[in-house]
Structure formats: structure tokens, C-alpha cells
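Shown next, in C-alpha cells, is the structure this report addresses.
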Amino acid sequence: QVQLVESGGGLVQPGGSLRLSCAASGIIFSIDPMAWYRQAPGKQRELVARIVSSGNTNYADSVKGRFTISRDNAKNTVYLQMNSLKPEDSAVYFCYAVIKRTVVSTRDEYWGRGTQVTVSS
């Protein structure tokens, strides 16, 4: 069974930083892409940042220049470094990955359970 487990959320003051991690475990042949989404109360889930195995990335306009997504392919882990945090960044952050479990498997979508990020003074 494949699982995505996030960590690193919490409470931080405006202007502060947090680093989220998401590790994929289980039988895994390949993971591509990996991404972070977020969902604030009363709002739709939105893409924050996405990274493919080659290292190419894309970001939501609202986080460009402040957030950095990276991945460690050997550890099946994706990270989100969040700097200059704003109250509007408060949300539950979800890890997302498309995973092939074996060379002949289909590519399936997986989601983590989410980690809360709260930016408040």
C-alpha cells in the first residue's frame, strides 16, 4: 500500500518560514509529478507548486518568489520551503503524487492527509 505522509506544519508569525516534507512509502517504481496543494476554509483546493523528476517546477502566482519546491528522488520525498509567510497562506497543505507501483502498473494518484499551516501574530 502506498502512503504519502506530510510533516512540518504549524503556527508561524507573518514573515516567518516553515518547511513541509512529504515522504512516499510502499512499493514504488516511479513518482512523477509530485506537488503541494492547499485548501483554506470555504475555498477550493488549489495548486501551490509542482515538480517533475527532471527538476522542472511551476508555482502559483501567489507564492512565486516566496516558496520553493524540491524533491529527493532517492528518498521519494518532496519538500516545500515557505518563506515570507502571510496570513493568507494559512490552509491545510496536501501532498500529491502520481505513482507507478511497478513497471507494468498504471499511474495512480495519491494524496496525503494534509498538514495545517497557520500564519498569525
Side-chain angles (χ1 to χ4, degrees):
Q1 186 79 327
V2 171
Q3 284 188 316
L4 300 179
V5 179
E6 302 107 331
S7 61
L11 173 65
V12 64
Q13 291 187 341
S17 298
L18 281 176
R19 189 190 194 211
L20 305 183
S21 299
C22 171
S25 63
I27 299 174
I28 296 170
F29 173 74
S30 67
I31 308 178
D32 213 11
M34 302 187 82
W36 288 96
Y37 284 75
R38 67 185 180 187
Q39 187 167 20
K43 294 189 176 182
Q44 288 190 332
R45 190 172 297 190
E46 63 174 355
L47 175 67
V48 176
R50 176 180 178 272
I51 186 168
V52 296
S53 56
S54 64
N56 287 341
T57 59
N58 58 282
Y59 296 90
D61 288 343
S62 59
V63 307
K64 282 180 181 176
R66 300 187 299 121
F67 291 12
T68 302
I69 189 171
S70 61
R71 63 188 285 174
D72 184 331
N73 292 328
K75 296 181 179 180
N76 291 331
T77 300
V78 63
Y79 306 95
L80 186 68
Q81 178 66 43
M82 304 185 293
N83 299 328
S84 303
L85 282 160
K86 305 174 181 180
E88 51 264 43
D89 294 318
S90 297
V92 178
Y93 283 69
F94 296 92
C95 179
Y96 167 88
V98 178
I99 296 173
K100 281 176 65 73
R101 299 190 65 193
T102 70
V103 66
V104 297
S105 298
T106 57
R107 297 173 71 243
D108 297 321
E109 296 182 322
Y110 292 87
W111 291 90
R113 298 182 67 177
T115 184
Q116 177 70 48
V117 171
T118 303
V119 185
S120 175
S121 54

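- When the side chains of ILVMFWY residues are joined at heavy-atom separations under 4.5 Å, either directly or via intervening members, Val48 and Val52 end up in two distinct hydrophobic clusters.
- Here the rule is side chain to side chain contact (heavy atoms under 4.5 Å, CB included) with Arg38, and of Val63, Val92, Thr115 only Val63 fits it.
- Heavy atoms of other residues, nucleotides or ligands lying less than 6.0 angstrom from CD of Gln44 number 12 at most.
- Two residues are said to be in side-chain contact when any heavy atoms from C-beta on lie closer than 4.5 Å; Val117 and Leu20 meet this criterion.
- A continuous path of ILVMFWY side-chain contacts below 4.5 Å connects Tyr59 to Val119, so both sit in one hydrophobic cluster.
- Aromatic ring orientation, Phe67 versus Tyr93: tilted (interplanar angle from 30° to 60°).
- A salt bridge is absent between Arg101 and Asp108: the closest approach of a Lys/Arg side-chain nitrogen to an acidic carboxylate oxygen does not fall below 4.0 angstrom.
- For the atom pair NZ of Lys86 and OG of Ser84, the computed distance is 8.0 Å after rounding to the nearest 0.5 Å.
- The local environment of CD in Gln116 is crowded, with over 12 non-hydrogen atoms from other residues, nucleotides or ligands closer than 6.0 Å.
- Atom OG of residue Ser120 and atom CG of residue Leu85 lie 12.0 Å apart, to the nearest 0.5 angstrom.
- Side chain of Glu6 to main chain of Cys95: a donor-acceptor pair is present (N/O by atom type, distance under 3.5 Å, no hydrogens or angles).
- Residues Arg66 and Asp89 are in side-chain contact: their nearest non-hydrogen atoms beyond the backbone lie under 4.5 Å apart.
- In this structure, Thr57 OG1 and Ile69 CD1 are separated by 7.5 Å, a value rounded to the nearest 0.5 Å.
- Note: Lys75 NZ to Ser25 OG = 15.0 Å, rounded to the nearest 0.5 Å.
- Of the residues listed (Arg107, Lys100, Arg71), the one engaging Asp32 in a salt bridge (Lys or Arg N to Asp or Glu O under 4.0 Å) is Arg71, and it is the only one.
- Taken together through direct or relayed side-chain contacts under 4.5 Å among Ile, Leu, Val, Met, Phe, Trp and Tyr, Tyr79 and Met34 form parts of separate hydrophobic clusters.
- The pair Asp61-Lys64 meets the salt-bridge criterion, with a side-chain N (NZ, NE, NH1 or NH2) lying under 4.0 Å from an Asp/Glu carboxylate O.
- There is a path of hydrophobic side-chain contacts, each under 4.5 Å, that joins Trp111 to Val98.
- Checked by atom type and distance alone, the side chain of Tyr96 never pairs as donor or acceptor with a backbone atom of Leu47 at under 3.5 Å.
- The line from CZ of Phe94 to CG of Leu4 is 12.0 Å long, rounded to the nearest 0.5 Å.
- Between Ser90 and Ala40 the shortest heavy-atom distance is O-CB, 3.8 Å.
- For the atom pair CD1 (Ile51) and CG (Asn73), the distance works out to 8.0 Å, reported to the nearest 0.5 Å.
- Linking Ile, Leu, Val, Met, Phe, Trp and Tyr residues whenever their side-chain heavy atoms come within less than 4.5 Å leaves Tyr37 and Met82 in two separate clusters.
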